[in-house]
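Notes follow once the structure below has been shown.
We count ligands from 1, going down the list as the structure has it; atoms in each ligand are counted the same way.
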Amino acid sequence: MQFIDLKQQYKLIKEDILNEINQVLESGQYIMGDKVPALESVLTEYTGAKHCIGVCDGTKAILIALMALGIKAGDEVIVPAFTFIATASMVALVGATPVFADVDEKTYNLDPNKLEGLITAKTKAIIPVSLFGQCADFDAINAIAARYNLAVIEDGAQSFGATYHDKKSCNVTTVATTSFFPSKPLGCYGDGGAVFTNDDELAQKIRWIRVHGQDKRYHHALLGLNGRLDTIQAGVLLAKMRIFPQEVALRAQVAQRYDELFKNADCITPFIASGNTSVYAQYTLLVKDRDGLIKHLNSNGVPTAVHYPIPLHKQPIFTHNYHGQDLSVSEKVAAGVISLPMHPYLDHQTQDKIVATVKDFVG
Ligand SMILES: *Cc1c(COP(=O)(O)O)cnc(C)c1O
């Protein structure tokens with residue numbers, strides 16, 4: 001059994017993928033070839049965002065967004081305490097200070113009620129993460145941000161394809177980022193990512209930063225880096241986008257079936273807030289004895305993963321950024337979450353086995 005079965009998808013669209021890759025190989029345009037703008041245009045159409053800038057990965061997407069916003073040493077950026085490290089580490093990498101906010105009990109996304117108390121004169125931005133495939137509460141977060149004149153960066157690495165009140169993830173904030181790491185809902189065959197915005201000036205800066213801050217050839221208007229998306233990966237993503245809407249629907253079916261099968265089990269299944277649809281990057285349970293359940297599942301051939309076992313304020317690189325604010329929900333959730341195998345092609349028989357093995361243990 002696979003945690004995320006990527007080979008099944010490959011078998012399904014092999015011809016299209018190989019054709020896309022072959023076109024790149026034949027074209028000789030391996031860096032910033034035609035597939036990159038072609039993909040960007042498909043993704044703007046899909047999300048509704050005005051601009052999409054393909055970049056080398058989801059981590060650098062966050063870094064580039066922060067650089068384009070001019071976030072620098074002395075600034076503070078509010079991030080959830082319960083997320084993948086990159087959300088906060090890129091803030092530190094530009095010299096700014098990540099300030100940790102607690103998450104909501106039910107969605108595990110940044111809790112807007114915990115936000116205002118953390119805002120200071122140094123606060124410049126908020127990075128809500130749309131964790132496990134569902135958007136954070138952007139109406140509430142954007143309203144607070146507007147009041148204090150803060151930028152909002154959606155870390156949409158896990159939520160590409162999700163909707164928030166009928167708008168797509170990556171089109172609900174000042175700027176948004178996503179990742180095309182192979183196991184994400186939309187993944188390529190290596191590293192990849194994208195930045196989205198409706199702001200023309202910001203989009204221009206992001207495009208420049210992606211190529212060493214270059215506005216004209218060998219003329220550097222901004223501090224930048226090599227943040228380009230590979231042309232071959234853009235081709236792979238073009239092929240995958242052709243089946244992506246279908247896969248989003250399949251993911252929802254798999255998740256709904258999990259929900260039904262776990263109805264009376266002693267574990268907490270994903271809570272999707274009203275107005276949201278999730279792409280279920282993960283199907284994550286909250287349980288009492290997580291370590292016991294992992295052992296039980298693994299010894300019965302069911303792979304699992306923990307996203308994420310340590311809240312960020314307890315990470316060695318960030319303990320000095322923690323000033324005693326209440327992060328008890330993040331701590332509780334980090335201690336009890338476990339993700340189950342989840343992908344669009346999970347068959348009923350395999351899913352039944354997973355659920356039965358979990359129920360054996362949790363009751
Ligand atoms: C995967 C992920 C990233 C980083 O994306 P990469 O493409 O692996 O660099 C950032 N934030 C979150 C929430 C993620 O899940």
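- Grouped with Ile310 in a hydrophobic cluster is no other residue, since no side-chain heavy-atom contact under 4.5 Å to another Ile, Leu, Val, Met, Phe, Trp or Tyr is found.
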Can you pull every nitrogen or oxygen pair between ligand 1 and the protein closer than 3.5 angstrom?
from: ligand 1; atom 1: 5 (O); to: Ser179; atom 2: OG; distance (Å): 3.4
from: ligand 1; atom 1: 7 (O); to: Gly58; atom 2: N; distance (Å): 2.8
from: ligand 1; atom 1: 7 (O); to: Ser179; atom 2: OG; distance (Å): 2.6
from: ligand 1; atom 1: 9 (O); to: Gly58; atom 2: N; distance (Å): 3.4
from: ligand 1; atom 1: 9 (O); to: Thr59; atom 2: N; distance (Å): 2.8
from: ligand 1; atom 1: 9 (O); to: Thr59; atom 2: OG1; distance (Å): 2.5
from: ligand 1; atom 1: 11 (N); to: Asp155; atom 2: OD1; distance (Å): 3.4
from: ligand 1; atom 1: 11 (N); to: Asp155; atom 2: OD2; distance (Å): 2.8
from: ligand 1; atom 1: 15 (O); to: Gln158; atom 2: NE2; distance (Å): 2.8
from: ligand 1; atom 1: 15 (O); to: Lys184; atom 2: NZ; distance (Å): 2.6

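- Using bins of under 30°, 30° to 60° and over 60° for the plane-to-plane angle, the ring pair Tyr108/Phe82 lands in the perpendicular bin.
- Counting only residues at least two apart or on different chains, the salt bridge (Lys or Arg N to Asp or Glu O under 4.0 Å) pairs with a member in residues 36-63 are Glu40-Arg207, Glu40-Arg210, Lys50-Asp200, Asp57-Lys60.
- Residue pairs meeting the salt bridge (Lys or Arg N to Asp or Glu O under 4.0 Å) criterion with at least one member in residues 230-255, sequence neighbours excluded: Asp16-Arg242, Glu20-Arg242.
- Aromatic ring pairs are classed by plane angle as parallel below 30°, tilted from 30° to 60° and perpendicular above 60°; the pair His343 and Tyr345 is tilted.
- Note: Tyr322 and His313 have tilted aromatic rings, judged against thresholds of 30 and 60 degrees for the angle between ring planes.
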